[in-house]
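Structure first, commentary second.
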Amino acid sequence: MSISRRLASGGLIDRSKPINFTFDGKTYGGYAGDTLASALLANDTMLVGRSFKYHRPRGIFSAGPEEPNALVTLRSGARAEPNTKATTVELFDGLDASSQNCWPSPNFDLRAVHQLAGPLLNAGFYYKTFMWPAAFWEKFYEPAIRASAGLGALSGLDDPDTYEKSHAFCDLLVIGAGPAGLAAALAAGRAGARVIVAEEDFVLGGRLLSDTAQIDGVTAASWAALAEAELGTLPNVRILKRTAVFGAYDGEYGAIERVSDHLPVPPPFMPRQRLWKIVAKQCVLAAGAQERPLVFPGNDRPGIMLASALRTYANRFGVVPGQRVAIFTTSDDGWRSAFELQKAGAEIAVVVDARTDVSPEVRKLAGNAPQFLGAHVSDTSGYRRLTNITITDSAGQTRSVAVDTLGVSAGWSPSIGIATHLGGKGSWSEEKSAFLCSDTPPGMQIAGAAAAQWSLADALEHGALAGAKAASHVGLGLQAQKPILASDEASCNNPVWLFAGSRRKAFVDLQNDVTATDVALAAQEGFRSVEQLKRYTTLGMATDQGKTSNVNGLAILAGEIKKTIAETGATRARPPHVPVAIGAFAGLHSGKHFKPVRLTASHAASAAAGATFVEAGQWMRAQWFNAPGETDWLTSVTREVKAVRSSVGICDVSTLGKIALCGSDVGTFLDRVYINTFSTLPVGKVRYGVMLREDGFVMDDGTTARLSADHYVMTTTTVNAGKVMQHLEYCHQVLWPELDVQMVSVTEQWAQVAVAGPQSRELLQVLLGDAFDISNEVFPYLACAEFRVGNIPLRLFRVSFSGELAYEIAAPAGYGEALFNALMQAGKALGVTPYGTEALSVMRIEKGHVAGSELNGQTVACDLGLGRMMSVKKDYIGRTMAAREALIDPDRPTLVGLRPVDRSQRLRNGSLLFARGVTPAPDNNAGFITSTAFSPGNNHWIGLGLLARGPERHGEIIRAWDPVRSGDLELEVVDPVFVDAEGARLRA
Amino acid sequence: MLDLAHISAFAELRSIGDGRGVIARERRGIAIATVMARKGQGAALAAAVKEQFDINLPRGPHGSGSDATSFLGTGPGRWLVTHDAGTPRFVVSLAQQLDGLASVVDQSDGVGLLRLTGPALLDVLAKGVAVDLSAAAFPAGSVAVTQIAHMGVTLWKVDEAPTFHIAVARSMAGSFLHWLEASAGMTGLAAE
Amino acid sequence: MRIPCPYCGSRDASEFSYSGDATLTRPAPENTEAMFHYVYLRDNPVGVHREYWYHAAGCHAWLKVTRNVSTHEVIDAVLAHDEAAS
Amino acid sequence: MRYSLMSLLRQTLAGHKGWTPQWRDAAPKAEYDIVIVGGGGHGLATAYYLAKEYGLKNIAVLEKSWIGSGNIGRNTTIIRSNYLLSENISLYELSLKLWEGLEQDFNYNAMVSQRGVLNLYHSDGQRDAYARRGNMMRLNGADSELLDREGVRKLYQFLNFDAARFPIQGGLLQKRGGTVRHDAVAWGYARGASDRGVDVIQNCEVTGIDIVDGRAVGVQTSRGAIKAKKIGLAVAGSSSRVAAMAGMRLPIESHVLQAFVSEGLKPIIPGVITFGAGHFYISQSDKGGLVFGGDIDGYNSYAQRGNLPVVEDVCEGGMALMPAIGRARMLRNWGGLVDMSMDGSPIIDRTHVKGLYLNAGWCYGGFKATPGSGLVFAHLLAKDEPHPAANRLLLDRFRSGHIVDEKGQGAQPNLH
């Protein structure tokens, strides 16, 4: 059993609730309120992983989301979460975590051999080598690099947990519930504003949890608890704990709530995480600041930590991670950490400050500990744990001090990332030694340490003011604030960016193993922009997003290129401000629930009849119906086609877009959107129409029926239903608002079934009885009618996609299933056969009708043999552009029928067409096959294709070349209509 | 004589989880129509609606009317009219009543209708709707045509309980229920 | 991005579909050159842009939205129908 | 200095003191034979090939910011030539062939990695379209293989085959496609061009184009006037703005395309995968990050950043295709400005102004085209006539109707 570093008392952990967890297979104990990091430190486990490139031993470095070192894989199996920061994981009973990027263990890692090659593996080394021989890159070098890439591993298993999204609207979003955030929320909440407080941590308070200062006469942590309690009583305030705001977007903020990450497994119906999209009129960014580390030789050993993290572990978690602690600082704050640590019972071995001028009040904070001013740490030793530091004093004398823990503090960097997401830029403040943001997103104020208001009193005051201002901006009136009295504290940043010393590496980016030498080399090689530096060295690109490295890196760069930090500038912050699980962005929409499913009214009836379904956009359509004994789809489809051609079949065609068009000017309107004329369409008739885009290419086709003088119903293809609706609305609202036209989609209202085949009329007669006369005389080809049977309104259209005598009958969708069943029942004696989209497609190909594969957005009406429909008497959308030289070129590929010379051969869609005997080359490609089908009537495969000068070439033998399927066939060019060319059947 | 059975869109609505965070009931047998003002007839239409139904035709996204007949603003010059007093052929007679003033298109079967209420309702709706539905921003009578989980919906608030009515494209009823069950499961979905 | 739909109120831009420059006017069909410009050429300005947005998942209105394409600030939105008809 | 393992070892022993700037940070001269506006991948590649292949020396590349700060610095690093139309395949295949020898050619390891690009299909219609595309690729000298479902499963077992909304039916594989370390391409070309005498000038923004009697004679810049006999524009994202300086309106809109990278992970995705039923594609970098993206945001933008709906849309596609990435965290997300042309294909042509040449309209195909674009644009600038591999990607195609529309979406830039 290892030593316990837990203090006997103090901290915000609950010693009455012990928790067991395992790390790298070993069981440890912690308490409720611990993070994984604090619990590990309490168990004297400092070394938790290895660095990315050199596999150097690395320990816990921070106490928050800026952690560069302590990345673990949390949980196992399908729930494994690689690269999880131990410093942010809330401890739960049964937690299981393991170290990463080391084998067999962080204590003994075979890849540590990388360190020997350290001098070679500097910034950008790979750009200069691994080029010879060329083939070796992919075979040898790259696999080796890839094998050592990354830190943790995904399980490769499907994520078993669920995610959800939620929207929220508020007057004020407070990001961060430290002193400034709590003060802002209280001020705005008391004024009556709708406030959302989002705090990444599982406890509100931020730095208050790590401080022993007094506020309003109570301890900082108690004040935070009181503030939380008051906010809880305000119905207009919502507190979101475990919720990190990760981005500012136009008009909204993104936040991620870790709903059940602190539980072993999410309970039923509870998502793992919830993505919040928050629309806030005002925002107070009170995200605090991150302490900057110091760059000096040997600064990466386990035991070297941010000084403020030591303070947090002591005061919040009751853990002092070492026995002898040194502090190395360039700011007053380092001294305060020393003070707090001593107060908690740690032994401070030495305080080293690079500054020569430190106020006596600040120096007092170190108590009796030895102090060195104008000095720095110039070397360290200890492989798996710090054992000694070397101090170079102001006179240049060095001395070694035995310590196991070193707290470093170079002052603080305000956390302004979110403020810059909309394009604002951090600008360097010499006074504050920090990047501040002034051009914030609309409605955002920055308060507290995020605005470099370092002292507790300043943070509370400015936070309250920001909250009050936000409330007044939303019209609630500026209210006087009761001052919050906090104990005073001095604060000052005096940065020194790089300390010389031994030849050991001085790390800038601890996770990506970027050293000060790397930064210098990049500058030497001409990478003088901070963005180029980042890209060349990978500085700041690790999972900590450069939170501990960016400022130091660019300051060192500035020194190298002899510019100021202000001139050098910072890299642009990009969302997400904290890494967010990909699953959370998807919410419910993963796997099968990626998109909604649309079912036709006859779905269940079709399933019962043996249908196999296929996705058609969001719709599920019956593709074919499996009859007993049938084992392959072609048998089923062929049977269905034969049945339709010889007797009667039914097919649900409800998925076609249906648009009701009403008003006195619909005829005129349709004349302008279709290439052919509709104003002359009589009531009770249907006409086929083609519409173009304004650029002259075909947009869609379909039939439009005139049900009454002022009421038409248009059908569109299934896939283009939405697009056509939008187009028609555009034409009406933008181009021709003067027309009396109203339109609305009725796709959902009507279930529509095609009844096709020579016996379709008999079937309908059985179904309708004497309710409606469907004799050829009364109801000829292209007739339409609306009528009622009982209380049920029905629509009947005599249209045909199959080329047979055919109808489409429509009923309100609630009757759709019954209609399908009634048709099956009525046709029983006729042997009615349900058919699916495959048979539908076979019959339209036999008939030479174009569909999706010909209406591909690249064809003009003439290509499809529809040129004669283009009216010359009127304007219509696309007419002018359709007359362009390339669109009327007679060499354009045009619709033809195709059949194999050897009738036993199968045609394949996508084969390219060439004249017989030519060697395929781009210049002689004459077109391609668009559609193919086995034609039961012809008893061989047939196809449609687009062939240059196609109509002139009927009878010619051509070549169909299909190298991706090793196909090469001779085809005969024929008329695209393979069945009933004169159309006698459909008029029967 | 052809006699077809009618199936409602939300026949598969069921209870999920423990509790009654959201209480859902399908509204069946409601006549629904899209009413669209004819060119230049907006004022005359409003007058006719006032006269014949004693309803102030809403100009914006609001509903007005009685339990029996409501006019819900769903777009400029466009309303969704619901009628649940069981008058047969309501849509046909509505078209006749508004003849020349508005085009009336039957949508009774195009959507499924749910009545939703319960203490967790607003939190659950927030999981799908990107519109502020708080009492202040969306008082009773408000209408929103919007989307939930990639599905178009029309929802309107009938009282401050709060109770919402929601219309969903019929073909997507199954997917809508999946969203509702997943979103309301934590607090319980009670089907009535 | 939130678009202030004149009918529906403030809505997320994902409810809309976009079709670009709203300063263009469909020319007379016989003017081939003007039609070519209308269909293909765009000012594509930096800064403030007037553009068509269609409230596909809402009220089905086509809007003319004034928006700064450099900052994404939405300045104004009106019904295209009203402008076209006036 | 020539880069090699030997030079690296030598420098290691010398404490890396001898490395020199990879390119000269040149100051502008008063006059050049050719000025390339835009120090991104295309501009730098153009200068490189002008110097190397066409023997021209007096060349400047003007970059308003730092080189590589445009789309070469923020893309998803994919290279491929799997297009449908010969006009595009010929150019992108030329580019792919150049990628294959690029590193040895310019002595810089850009980590060209031909790990295969797989486009999945989920319906018969998509299969047929990919068959046509694969055949067109073969016809134009590119490699392509049409895989069925089992063929895909052999490559990528972890895809969602069993509980998918749009089940995978197969895919079109281009084995020679892959990824490249994008920034290194800019640096390699800059270094190669600089070594051949090209002035690479950073922080030099072009503010005007001087035209006399219909001929371009120079540019005004933030660092003074520069005369030039020929001017090439390679400023994708800003093409309309710069072309407007010469009085041109282009068939182009500027849009934002977002891209994403996850935290570093051990290798899981060997190649590049494109989801055919949503807007999502993914690969994994040599450093371990999952690099993925999807559709453009869809509205005109110069803001270099996008919004949440597209982030969600992309991740929904990812979770539909491979629910195994659900617990991987997105680390960074950025937006690049893309020239969306009216037919979705690029424009490489002379203009109505003599001596002014345009390289624009790359939509989201710009990165993979970098070497090819550089070479054909260099050819155009040097010879004043289009390179045979790009002789139909001309400006007047919109007027004549010879448009090159891969997707058949028409004159609607945000749909390409």
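Naming: A, B, ... by sequence-line order, numbering from 1 per chain. Excluded from the calculations below are hydrogen atoms, water molecules and symmetry mates; all remaining heavy atoms, backbone and side chain alike, are included.
In this structure, chain D has a heavy atom under 4.5 Å from the side chain of A/Asn122, while its backbone stays farther away. Using a 4.5 Å cut-off between heavy atoms, A/Phe130 touches chain D through backbone and side chain atoms alike. Looking at A/Ser529, only its side chain comes within 4.5 Å of chain D, counting heavy atoms on both sides. With a 4.5 Å cut-off on non-hydrogen atoms, A/Gln618 touches chain D through its backbone and its side chain both. Contacts of A/Gln532 with chain D are made by both backbone and side-chain atoms, with heavy-atom separations under 4.5 Å. Contacts between A/Gln524 and chain D at a heavy-atom distance below 4.5 Å involve backbone atoms as well as side-chain atoms. Only the side chain of A/Phe52 comes within less than 4.5 Å of a heavy atom in chain D; its backbone stays farther off. Neither the backbone nor the side chain of A/Gln511 comes within contact range of chain D, judged by heavy atoms closer than 4.5 Å. Interface residue A/Ala147: only backbone heavy atoms are found under 4.5 Å from chain D. For chain D, the nearby parts of A/Tyr127 are the backbone and the side chain; heavy atoms of each come within less than 4.5 Å. Of the two parts of A/Arg892, neither the backbone nor the side chain holds a non-hydrogen atom closer than 4.5 Å to a non-hydrogen atom of chain D. Residue contact with chain D, scored on non-hydrogen atoms closer than 4.5 Å, involves the side chain of A/Arg693 exclusively. Neither the backbone nor the side chain of A/Ala573 comes within less than 4.5 Å of any heavy atom in chain D. For A/Ala522, no part sits under 4.5 Å from any heavy atom of chain D, backbone or side chain.
Interface check for chain D: of the options A/Arg528, A/His421, A/Arg572, the most heavy-atom pairs under 4.5 Å are formed by A/Arg572. For chain D, the option among A/Ser911, A/Ala78, A/Ser155, A/Ala80 with the highest count of heavy-atom pairs below 4.5 Å is A/Ala80.
Ring pair D/Tyr3/D/Trp19 is perpendicular by interplanar angle, where above 60° counts as perpendicular and below 30° as parallel. Aromatic ring orientation, D/Phe158 versus D/Tyr156: perpendicular (interplanar angle above 60°, classes split at 30° and 60°).
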I'd like a table of donor-acceptor pairs (distance under 3.5 Å, sequence neighbours excluded) in which one partner is a side-chain atom from residues 584-591 of chain A, with atom names and distances.
residue: A/His589; atom: ND1; partner: A/His593; partner atom: O; Å: 3.3

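Considering only residues two or more places apart in sequence or on other chains, A/Asn856 meets the side chain to side chain donor-acceptor pair (under 3.5 Å) condition with A/Gln858.
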